[in-house]
Amino acid sequence: MKKADFVVAGCRQVVTCGRRAPLRQEDLGQVEVFENGWVAAHGGRIVFIGNEAAFKAEVEFAEDGTRFDGAGLIALPGFVDAHTHLPFAGDRAEEFSLRLKGWTYQQLAEKGLGIKTTVRATRRATLEELTTACLERLDRMLLHGTTTAEAKSGYGLNLADELKQLEAVRGAGRSHPVELVPTFMGAHDVPPEYLSKKEDYIDLLVHEIMPEVRRRKLARFFDIFCEKGVYTLAETERLVQAAKAAGFGIKIHADEFVPLGGTELAVEVGAASVEHLIAVTEAGILALAGSATVAVLLPGVSFFLRLAAKAPARRLVDAGAIVALASDFNPGTSMTESMVFVLQLGVYTLGLSIEEALNAATINGACAIRMQDEVGSLAAGKKMDLVLCDMPNYEYLAYHLGVNPVTHVVKNGRIVVKDGRPVYSSIAP
Ligand code: NIG
Ligand code: FE
């Protein structure tokens, strides 16, 4: 008999997502569904998924265990948001209004707005203010079903302020149920004071900031914005090689607006993921096909910037790339914490099926942050991270718009959202 101390009993459906990982091609479109499903855990790890009869036959349930009635609810793995710019200060609502009047994202950047606006605000913010902002955003993420999220720095662009952002992520992660995977993105932009001497900033990144971030164990990944007007392909290669040598996993923002070869480079250096791909070329797609580098698509960006161009999701899936969906939550190009909304954009704007979008937002997202053995699907041995949605079937995730179907969230085998409200204390889970 398996021992269990927590069970979600009698769900209308349990959708497990991904028996294997990563999911490619036809496998991305498959989900396993248990009608009247039970999910049990022991010590925060899943030990059983199946029906009531099997539960009674196979599981010894602790007398003082927690039993939650899932009647009428749909259980899914917690969403894994593999790309967020969580620790920022201020907002860009004014610039958003300018964009609605016809300014483009690049025109704002050329005028010293865009990312630089958020850099100014983030540099001014205290560690405490940034941590509080992170915690408020994490609450919204959790209420929409995200249980694991990546979080990037990149609005500090100097030693002290990059460390401050990463410390805010660490501090927030310690007192919030959403599990955070930190990424150092000191190469998100060129700091204003280095515009005429970019090489000096690259040297600073390599020789001072990267080693300090590693020394303090503040980030697992390094990320860079490889884009016209930001970092060239050669600069990206130099920084990525230095980051690899320093022990970081690699991520690259590539082919968002102008394709520079960043996708091909990501595959070549064995990056965990490459992000955006709105302007990816055929060569980039072929490089990704069959590679272990995950293509993280961020449909919030094309939607928010009102771009006609979209990442070629269908082509990437059909070619054999590992496709994930993430929010890119940030104040300038995708101001949403909701992975349900992102999943819907994946369906409506990228042409994914509901099953493909769901797997892309869970198990393939986990692959993008190399957490696929721990989170991203409901499977024995993994963390009991589960979302319960009040809807008739899982198809409602994309069918019913403009509502939040998530009513309950379980993280590490503890109920942290109940009836749509956070119920955790501020003590670390
Ligand atoms: O992923 N593309 C670069 N970075 C972010 C945008 C950040 C910002 O505009 O503040 C992105 O879209
Ligand atoms: Fe981004």
Side-chain angles (χ1 to χ4, degrees), residues 1-18 32-80 135 138-149 173-180 339-340 362-363 366 371 373-391 394 404-429:
M1 295 283 272
K2 297 163 190 152
K3 282 190 195 318
D5 55 17
F6 181 88
V7 66
V8 180
C11 302
R12 183 175 286 171
Q13 294 179 323
V14 174
V15 184
T16 60
C17 296
E32 180 183 42
V33 180
F34 290 89
E35 308 286 338
N36 292 313
W38 292 50
V39 187
H42 189 249
R45 299 263 168 187
I46 297 170
V47 292
F48 171 88
I49 302 163
N51 62 23
E52 183 172 6
F55 176 80
K56 294 203 163 129
E58 295 172 29
V59 180
E60 182 187 328
F61 194 64
E63 260 174 40
D64 58 351
T66 304
R67 183 192 147 114
F68 185 84
D69 184 5
L73 301 174
I74 309 294
L76 315 166
F79 292 113
V80 179
L135 288 169
L138 290 171
D139 269 356
R140 284 190 289 270
M141 285 185 182
L142 191 67
L143 289 170
H144 290 85
T146 297
T147 47
T148 303
R174 281 183 175 154
S175 57
H176 198 282
V178 174
E179 186 167 351
L180 293 178
M339 283 296 282
V340 176
T362 54
I363 186 65
M371 290 277 284
D373 295 334
E374 292 285 301
V375 299
S377 63
L378 301 179
K382 284 198 177 181
K383 294 188 179 184
M384 176 68 158
D385 292 359
L386 174 146
V387 167
L388 290 164
C389 297
D390 187 2
M391 52 193 186
Y394 75 81
N404 180 12
V406 176
T407 54
H408 301 78
V409 181
V410 174
K411 175 68 191 169
N412 287 329
R414 282 181 35 190
I415 297 171
V416 288
V417 172
K418 198 171 182 182
D419 296 318
R421 296 186 184 283
V423 288
Y424 55 89
S425 65
S426 62
I427 318 285

(message) I want to check something: taking the side chain as every heavy atom from C-beta on, are V8 and M384 in contact at a cut-off of under 4.5 Å?
(response) yes
(request) State which residues pass ring pair (Phe, Tyr, Trp, His ring centres under 6.0 Å) with H408; sequence neighbours excluded, sorted by chain then number. (result) F68
(request) Output the distance between atom CG (D419) and atom CG (L388), rounded to the nearest 0.5 Å. (result) 10.5 Å
(message) Between D385 (side chain only) and K411 (backbone N and O only), is there a donor and an acceptor less than 3.5 Å apart?
(response) no
(message) As an exercise, state the distance from OG1 of T147 to NZ of K383, rounded to the nearest 0.5 Å.
(response) 9.5 Å
(request) Starting at CG of N51, measure out to CD of E35 and round the result to the nearest 0.5 Å. (result) 11.5 Å
(request) Might you point out which heavy atoms bring V409 and G145 nearest each other, and give the distance in Å? (result) CG2-CA, 4.4 Å
(message) Would you compute the distance between atom CD1 of I49 and atom OG of S377 and round it to the nearest 0.5 angstrom?
(response) 8.0 Å
(request) Determine whether L143 and P422 make a side-chain contact, defined as any pair of heavy atoms from C-beta on separated by less than 4.5 Å. (result) yes
(message) Minimum heavy-atom separation for P77 and V387, please, with both atom names.
(response) O-CG2, 4.2 Å
(request) Compare every heavy atom of K382 with every heavy atom of G376, then report the nearest pair and how far apart it is. (result) C-NZ, 4.4 Å
(request) Identify the two heavy atoms, one from V417 and one from T407, that lie closest to each other, and give their separation to 0.1 Å. (result) CG1-O, 3.6 Å
(request) Please round to the nearest 0.5 Å and tell me the distance separating atom SG of C11 and atom CD1 of I74. (result) 8.0 Å
(request) Would you list the pairs meeting side chain to side chain donor-acceptor pair (under 3.5 Å) in which at least one residue belongs to residues 36-45, sequence neighbours left out? (result) R45-E374
(message) Give me the atom names and distance for the closest heavy-atom approach of L76 to C389.
(response) CD1-SG, 3.9 Å
(message) Quick check: closest heavy atoms across M1 and A57, and the distance to 0.1 Å?
(response) SD-O, 3.1 Å
(request) Check ring pair (Phe, Tyr, Trp, His ring centres under 6.0 Å) between F48 and all other residues, then give those that pass, not counting sequence neighbours. (result) F55
(request) Only counting residues at least two apart or in another chain, list the ones meeting side-chain contact (heavy atoms from CB on, under 4.5 Å) with D373. (result) none
(message) Show me the pairs that pass salt bridge (Lys or Arg N to Asp or Glu O under 4.0 Å) and involve residues 3-17, at least two apart or across chains.
(response) K3-E60
(message) Quick one: does any side-chain atom of K2 pair with a main-chain N or O of V59 as donor and acceptor, under 3.5 Å?
(response) no
(request) Hey, could you give me the OG1/CE distance between T362 and M339, rounded to the nearest 0.5 Å? (result) 8.5 Å
(message) For a 4.5 angstrom cut-off between non-hydrogen side-chain atoms, does V39 reach V410?
(response) no
(message) Just to verify, what does K418 make a salt bridge (Lys or Arg N to Asp or Glu O under 4.0 Å) with, not counting sequence neighbours?
(response) none
